[in-house]
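The analysis underlying the following values was restricted to heavy atoms, covering all of them including side chains, and did not include hydrogens, waters or symmetry mates. Remember, it's 1-based here, ligands and their atoms both numbered in the order they're listed.
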Amino acid sequence: MDNCIFCKIIKGDVPCIKIYEDDNFLAFMDIYPVAKGHALLIPKKHVEWMQDCDDDTISKSFVLTKKLMSQFKNNLSCDFVQIGVVGEQVPHFHIHIIPQKNNHLLPRWPIISYDTPDEIIEYAKKIQGHIE
Ligand code: AMP
Ligand code: ZN
């Protein structure tokens, strides 16, 4: 993807501070960290959304994330390691890896209410399906 900032990082056209690299994956420091140590893991293959990646890429992404989380927990002064998948800003699947201290989490997502007691069931029915 010509306009993808993460593809440019993979190609070396945009600099980054690497923490891990192999043939298929790259992890680097987030340029706008929400905590000291905030990093991103990306597959080198450009796919926008996690749900559109092939299973092998997803499996390997999370195994690598697990290994990086241990490294964060063992080497940074954090209480736990938060991970997240957002993708609102950069259209190249990535996993945020964020060392966190107890009680230092970002404000929780605001809680909403369903309009009626049945609406939560309607939403559940829309989501329910057959997972092969
Ligand atoms: P989102 O797509 O909402 O998951 O957020 C994209 C993340 O990528 C944000 O945390 C940005 O700070 C980070 N980001 C964007 N451009 C760069 C860059 N050139 N180097 C490192 N991190 C970046
Ligand atoms: Zn890309």
Legend entry - Nearest-neighbour protein heavy atom for atom 11 (C) of ligand 1, which is reported as residue plus atom name and distance: D30 OD1, 3.4 Å

Inset, instruction - Using the Zn ion (ligand 2) as the apex, give the angle to atoms ND1 (H92) and SG (C4), rounded to 10 degrees. - result: 110°

Inset, instruction - Give yes if a backbone or side-chain nitrogen or oxygen of H96 is under 3.5 Å from a nitrogen or oxygen of ligand 1, and no if not. - result: yes

Inset, instruction - Output the distance between atom OG1 (T57) and atom CZ (F25), rounded to the nearest 0.5 Å. - result: 5.5 Å

Inset, instruction - Could you establish whether C16 and ligand 1 come within less than 4.0 Å of each other, counting only heavy atoms on the residue side? - result: no

Inset, instruction - Could you tell me the residue and atom name of the protein heavy atom closest to atom 15 (C) of ligand 1, and the distance to it rounded to 0.1 Å? - result: V90 CG2, 4.0 Å

Legend entry - Closest non-hydrogen atom pair, P43 against H92: O-NE2, 2.8 Å

Legend entry - Spacing of CD1 belonging to I19 relative to CG belonging to L68, to within rounding of 0.5 Å: 5.0 Å

Legend entry - Sub-4.0 Å heavy-atom approach of I9 to ligand 1: yes

Legend entry - Check: K36 side chain, P99 main-chain N or O, donor-acceptor pair, under 3.5 Å: no

Inset, instruction - Check whether more than 12 heavy atoms from other residues, nucleotides or ligands sit under 6.0 Å from atom CD1 of I120, and answer yes or no. - result: no

Legend entry - Ligand-side contact atoms (ligand 1) for residue partner M29, heavy atom cut-off under 4.0 Å: 21 (C)

Inset, instruction - Taking the Zn ion (ligand 2) as the reference point, name the nearest N/O/S atom of H46. - result: ND1

Inset, instruction - Flag I31 as yes when one of its N or O atoms lies below 3.5 Å from any N or O atom of ligand 1, and as no otherwise. - result: yes

Inset, instruction - Examine the proximity of ligand 1 to L40 and report which part, side chain or backbone, both or neither, has a heavy atom under 4.0 Å away. - result: side chain

Legend entry - Expected output: side-chain D79 to main-chain N102 donor-acceptor under 3.5 Å: yes

Inset, instruction - Pick whichever of E88, H94, H38 has a heavy atom sitting closest to atom 5 (O) of ligand 1. - result: H94

Inset, instruction - Could you tell me how the ring of H96 sits relative to the ring of H38: parallel (under 30°), tilted (30 to 60°) or perpendicular (over 60°)? - result: tilted

Inset, instruction - Check whether the side chains of D22 and Y20 place a donor and an acceptor atom closer than 3.5 Å, and report yes or no. - result: yes

